[in-house]
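Computed from a prediction, not measured in an experiment: that's the story for all the values here. Just so it is clear: chains get the letters A, B, ... in the order the sequence lines come, proteins before strands, and each one is counted from 1.
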There are 2 protein chains.
Amino acid sequence: MSKHQKEMGVLKEHLGKHQLKYTRQRELILDAFLKQEHITAEEMYHQLARKDPHLGLATIYRTLNLFCEAGLAQARHFGTQTQYDNISHKGHHDHLICTDCGKIVEFENCDIERLQEEVATRNGFTIKTHRLELYGLCSRCRH
Amino acid sequence: MSKHQKEMGVLKEHLGKHQLKYTRQRELILDAFLKQEHITAEEMYHQLARKDPHLGLATIYRTLNLFCEAGLAQARHFGTQTQYDNISHKGHHDHLICTDCGKIVEFENCDIERLQEEVATRNGFTIKTHRLELYGLCSRCRH
DNA sequence: TTGAAATTGATAAACCGTCTCAAAAGGAAT
DNA sequence: ATTCCTTTTGAGACGGTTTATCAATTTCAA
């Protein structure tokens, strides 16, 4: 039995609502995905090759995009690749991204979140999720 | 004569330092670039096609990357494409996005920006640009 | 068990951005 | 202006990432 009951439930609910099916591959990919903070499709392809050598790369892309629609993942583009962030397990995480070396530092800041809520309320919005990315140079690349 | 004397100067200084040449294409692209807050190479390609139908897409990519090196632009990956941000443009704005109807509200919040700087400093980063998007439901779609 | 609908895997195709290279242009010295 | 060397350009080829295609397979409700 899976360790990720809650997320599995979110996925199944999304599948049910959209007449989609629960497949072995989707379960396999979700399990692997939830163990990561963020991962690329290619990385997951190699990682899962041992468990299921016939799992296709296209299926991984399709499934990760499905997770985004279900609210379990969030796609983020850096360099030439797409990172799929796990937002369901840890909640959202924001990123400091070095535009030179690609280094990524994750952070969370309650004060910023509170201000975001204020802004949203002032504009009549109810926030479901957000994305905050700070681009710049890390200490090593600044020199 | 160009309206963008200051930036033109920055570019020329960079060119001089690196034994690069001042060309008609670079002037044309800089002029177009500085009118935007951010633009993709493809967008600029179409935009400039009228002024110079023979301007190649590769030249635009090369030139926008040159602007990044000169400190006039900042590349940011958005969706599948690369956005080149005009960093001399100060009116940066963030977005509130309704996931239901697609409505987008722009906002600016100095307190959030200040906290972002704090986070960056604490992690040894120097921020050049950022992206903040709040996803949720607008007042109309909540009901 | 059956059958309609969704999914998969393999691969082709699309897409974005960079590289290549011959021709053209910049620009310093004459 | 001319020369000469270097850089740049434009056009298309190329490489890596992601999506589209489609026949075969799987899901799942009846």
- Item | Most 5' of Leu15(B) and Tyr45(B) on DNA chain D, judged by nearest nucleotide |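 Closer to the 5' end of DNA chain D: Leu15(B).
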
- Query: Quick one: on DNA chain C, does Pro53(A) or His77(B) contact a more 5' nucleotide (nearest heavy atom)?
  - Reply: Pro53(A)

Is the shortest side-chain N/O distance from [X] to OP1 or OP2 of [N] below 4.0 Å?
X	N	result
Arg24(A)	dT26(D)	no
Tyr61(B)	dT18(C)	no
Gln25(B)	dG10(D)	yes
His54(B)	dA11(D)	yes
Asn65(A)	dT18(D)	no
Thr59(A)	dG9(C)	yes
Thr23(B)	dT9(D)	yes
Thr82(A)	dT18(D)	yes

Just how far, in rounded Å, is [atom2] of [N] from [atom1] of [X]?
X	N	atom1	atom2	answer
Leu55(A)	dT25(D)	CG	P	17 Å
His18(A)	dA5(C)	NE2	C1'	16 Å
Ile60(B)	dC16(C)	CD1	C1'	14 Å

Looking across every strand, which nucleic acid part, if any, lies under 4.0 Å from [X] by heavy atom: base, sugar-phosphate, or nothing?
X	value
Leu57(B)	nothing
Arg62(B)	base
Glu42(A)	nothing

- Can you list every salt bridge (Lys or Arg N to Asp or Glu O under 4.0 Å) pair that touches residues 116-134 of chain A, not counting sequence neighbours?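 Residue pairs with at least one partner in residues 116-134 of chain A: Arg114(A)-Glu118(A), Glu118(A)-Arg122(A), Arg131(A)-Glu133(A), Arg131(A)-Glu133(B), Glu133(A)-Arg131(B).
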
- Query: Does Leu134(A) reach the side chain of Phe107(A), with side-chain heavy atoms less than 4.5 Å apart?
  - Reply: yes

- Relative to each other, are the rings of Tyr84(B) and Tyr61(B) parallel, tilted or perpendicular (30° and 60° limits)?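 The rings of Tyr84(B) and Tyr61(B) stand perpendicular, inter-plane angle above 60°.
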
- When only distance counts, do a donor and an acceptor, one from the side chain of Lys21(B) and one from the base of dA25(C), lie under 3.5 Å apart? no

- Does CD belonging to Gln47(A) count more than 12 external heavy atoms closer than 6.0 Å? yes

- Message: Could you work out how much the helix from dT1(C)-dA30(D) to dT30(C)-dA1(D) bends, comparing the axis of its first five pairs with that of its last five, to 10°?
- Response: 40°

- Message: So does Phe125(B) get a backbone contact from the side chain of Asn123(B), meaning a donor-acceptor N/O pair under 3.5 Å?
- Response: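 Side chain of Asn123(B) to backbone of Phe125(B): no pair is present.
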
